[in-house]
There are 2 protein chains.
Amino acid sequence: MYNNKLPTIKEIARRLNVSASTVSRALHHHPSIGLVTTMRVHKVAQELGYEANKTAIYFKERKTYTIGVIIPDLSEPFFSSALTGIEDAAEASNYNVIIGQSLDNFEREKKIVENMKNHRVDGVLVSLTKETSTYAHFDSLKKYNIPVVFFDRVPNRQDINYVACNLVSGMLQAITKLVNMGHSRIGLINGPAKLAATLQRLEIYIQCLKQHHLPLNQDIIVSTTLAKADNRKAIDQLLSLNEPPAAVIVFNDYVLLDCIAAVKAAGLVVNKDISFISFANLPIWEYMESVPLASIEQFAGRQSSMAAGFLLQLINSAATPNVTEPPFLQHIIDSEMIDYTIAG
Amino acid sequence: MYNNKLPTIKEIARRLNVSASTVSRALHHHPSIGLVTTMRVHKVAQELGYEANKTAIYFKERKTYTIGVIIPDLSEPFFSSALTGIEDAAEASNYNVIIGQSLDNFEREKKIVENMKNHRVDGVLVSLTKETSTYAHFDSLKKYNIPVVFFDRVPNRQDINYVACNLVSGMLQAITKLVNMGHSRIGLINGPAKLAATLQRLEIYIQCLKQHHLPLNQDIIVSTTLAKADNRKAIDQLLSLNEPPAAVIVFNDYVLLDCIAAVKAAGLVVNKDISFISFANLPIWEYMESVPLASIEQFAGRQSSMAAGFLLQLINSAATPNVTEPPFLQHIIDSEMIDYTIAG
DNA sequence: TTGTAAGCGTTATCAC
DNA sequence: GTGATAACGCTTACAA
């Protein structure tokens with residue numbers, strides 16, 4: 001019943017009274033092997049249902065054809081789409097994907113990195129935890145020549161590889177729209193300071209206000225850790241101002257969902273009493289009534305598959321070390337994006 | 001720069017003028033190794049930053065400590081939650097998870113199975129494609145002693161292991177509620193015939209109608225392939241009847257989203273002109289206005305982590321073949337579920 | 001207490 | 001054309 005003995009090259013060799021190397025070569029259609037032998041080998045292989053044990057080959061090659069993906073949370077559509085993108089790219093190159101969910105927990109992130117190192121993945125793609133502010137655990141991968149590419153939630157540093165979005169033009173369009181509608185008091189609900197995206201949003205926000213000759217008011221700039229309760233606190237803080245902002249730029253669509261709930265709870269009406277612009281472009285807006293004026297797509301799938309492509313490139317360039325070409329860092333800032341207007 | 005030479009057991013042995021086996025044993029705190037030697041080994045290991053190459057160990061053990069998960073589409077929250085559940089269960093047992101998205105494409109499913117076989121995963125969890133109606137590709141895993149557990153989208157057969165939901169009580173509650181509200185004309189939008197869930201829903205539907213002494217009308221039972229356009233067609237068909245059903249049981253929340261859109265497009269109002277009951281309990285209902293009267297949770301995470309636990313059990317029982325205990329099949333029908341009422 | 005050797009499945013190198 | 005051998009990194013009888 002327990003037919004534990006899978007056919008191996010040796011077994012085929014034994015049956016045909018040839019050597020294992022001959023079988024190996026025959027199976028690969030090596031030109032130096034005679035046609036008859038090759039055919040006989042293939043015949044027996046067929047009969048036995050032989051299939052090469054890739055784990056042996058990978059072990060020998062010191063490769064696993066596996067990339068590790070570390071993301072905060074798969075139940076966020078953004079990350080599951082990202083994973084889809086990665087899987088597509090990986091599959092096209094015959095790579096496997098193993099996943100680790102950090103659940104926005106730094107210790108878990110560290111543990112996952114450790115595990116992936118143990119499994120000797122060929123490379124790692126990371127979208128950081130909200131909590132992550134040190135990167136030693138990733139540096140440890142260097143020793144193993146395991147390249148790392150960050151995407152979307154990237155650290156605020158330059159000595160790393162990352163893929164992120166350029167949100168400038170989209171945000172400028174969105175703010176222009178608000179201004180044209182007569183709004184001048186435009187607030188910002190930003191994310192945690194550790195994320196590069198947070199600084200980025202603030203910078204663009206300031207830049208856009210400047211272009212429209214609008215004043216910069218610190219009282220309508222708040223931030224959230226992205227936790228649900230904190231999102232509520234952030235929007236409530238704005239709503240409780242003597243003069244609440246007429247429009248708010250929100251860190252992302254998930255934060256916005258909570259903002260909308262808070263607005264409703266306060267008896268106000270979205271797009272009448274207050275308007276929003278957000279980032280992510282969730283597929284569900286299409287089915288909802290209270291929607292942002294614009295939700296700026298960050299192309300989870302596109303971003304992540306670019307990151308995956310880049311990672312695979314790094315893996316291959318590490319495999320064939322070219323002395324003339326030093327290991328390079330690259331920051332891909334994807335600037336093609338759409339300002340997907342939903343309502344307004 | 002390319003420090004390809006990672007520390008190995010041999011290297012440590014060389015430095016200490018001991019044998020590799022001594023090092024191996026010392027690292028595992030084997031009692032037969034002297035305390036001094038053990039300490040010296042650990043010291044050098046530490047200095048070199050030695051970490052065991054698990055791929056070598058796994059290769060030797062003929063295990064990969066990896067389970068493969070094949071699901072239709074990660075962007076469906078149901079499946080991403082399922083994956084989360086699986087990952088949790090796997091991680092607790094120090095297993096890795098590699099994923100494959102079939103994208104509801106039979107050929108892809110076959111290819112993924114092939115790939116997982118090549119990677120010698122220790123077991124496979126599957127939620128089937130809409131298209132899948134033959135199972136030979138899974139049978140091929142038997143030869144490699146790779147156990148398979150189906151979950152949620154399980155084949156309509158008994159000679160397999162699976163984990164699925166028992167929806168009877170939830171659906172009965174839901175229908176009772178509709179009846180109590182005065183509805184007697186309750187329709188059904190069912191899924192593709194290949195899925196066990198489809199048959200299941202039909203059976204329960206009939207059973208519930210019977211319990212309430214309601215007539216069974218074929219004209220208000222329609223089905224969809226689950227494709228968006230087809231969902232629309234199904235609901236439109238019901239709406240265009242002379243006497244449309246007052247309430248409809250819908251295959252799942254994704255189908256329902258499209259139904260709701262169609263209802264609105266027809267100028268009708270959900271929960272006034274027509275009501276719905278559905279399966280899945282999407283997290284987004286909380287943020288929406290047009291919602292089902294009840295959305296019956298199928299516990300993606302729970303179902304899938306049960307499946308994962310079961311699979312791990314199978315893996316372990318295969319590893320220690322107990323002749324007295326034949327390889328067993330099991331059908332886990334999870335009957336604990338909630339009828340999560342959202343509106344009404 | 002430690003060393004030797006064989007083995008996991010495959011391929012590359014060298015020899016005949 | 002084909003075979004023997006070594007090697008990938010590690011574990012484990014069996015010897016000493």
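Within every chain, numbering begins at 1; the chains are lettered A, B, ... in the order of the sequence lines, protein sequences first and strands thereafter.
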Rounding to the nearest 10°, end axes of the helix from C/dT1-D/dA16 to C/dC16-D/dG1 built from five pairs each make an angle of 60°

Integer-rounded Å distance: D/dA7 C1' and B/E11 CD:
17 Å

With B for base contact, S for sugar-phosphate-only contact and - for none (protein heavy atoms under 4.0 Å), nucleotides 10-16 of chain D reads BBBB---

How would you list, by chain and number, every residue that makes a side chain to side chain contact (heavy atoms under 4.5 Å, CB included) with B/T55, sequence neighbours excluded?
A/F59, A/T64, A/R120, B/N53

Step through it carefully: locate the ring centre of A/Y58, locate the ring centre of B/H119, and say whether they are under 6.0 Å apart.
yes

In terms of heavy-atom contacts, does NZ of B/K130 have more than 12 from other residues, nucleotides or ligands at under 6.0 Å?
yes

Between A/S32 and D/dG1, is there a side-chain N or O to OP1/OP2 distance below 4.0 Å?
no

With a cut-off of less than 4.0 Å, is there a side-chain N or O of A/R62 near OP1 or OP2 of D/dA7?
no

Could you tell me which residues satisfy side chain to side chain contact (heavy atoms under 4.5 Å, CB included) with B/A92, sequence neighbours excluded, listed by chain and number?
none

Just jot down the ring-ring contact (aromatic ring centres under 6.0 Å, His included) partners of B/F106, sequence neighbours excluded, or say none.
B/H137

Under the side chain to side chain contact (heavy atoms under 4.5 Å, CB included) rule, collect the residues that match up with B/I57, sequence neighbours excluded.
B/A52, B/E61

Under a 3.5 Å threshold, yes or no: a donor from one side chain and an acceptor from the other, between B/Y144 and A/E51?
yes

Between B/F59 and B/N17, the residue closer to the 5' end of DNA chain C by nearest nucleotide is B/N17

For A/H28, check ring-ring contact (aromatic ring centres under 6.0 Å, His included) against everything at least two apart and list the hits.
none

Return the set of residues passing side-chain hydrogen bond (donor to acceptor under 3.5 Å, both in side chains) with B/S305 (not counting sequence neighbours), or none when no residue passes.
none

For the ring pair B/F151 and B/Y162, is the centre-to-centre distance below 6.0 Å?
no

Using chain B heavy atoms and a threshold of under 4.0 Å, write down where along DNA chain C the contacts begin and end, 5' to 3'.
C/dT1 to C/dG9

For DNA chain C, determine which residues of residues 35-49 of chain A have any heavy atom closer than 4.0 angstrom to one of its atoms, and list them numerically.
none

For the side chain of B/S102 and the backbone of B/E109, is there at least one donor-acceptor N/O pair under 3.5 Å apart?
no

Going by ring-ring contact (aromatic ring centres under 6.0 Å, His included), name the residues that satisfy it together with B/F138, two or more places apart in sequence or in a different chain.
B/F150

Partners meeting side-chain hydrogen bond (donor to acceptor under 3.5 Å, both in side chains) with A/E91 (sequence neighbours left out)
B/R108, B/K111

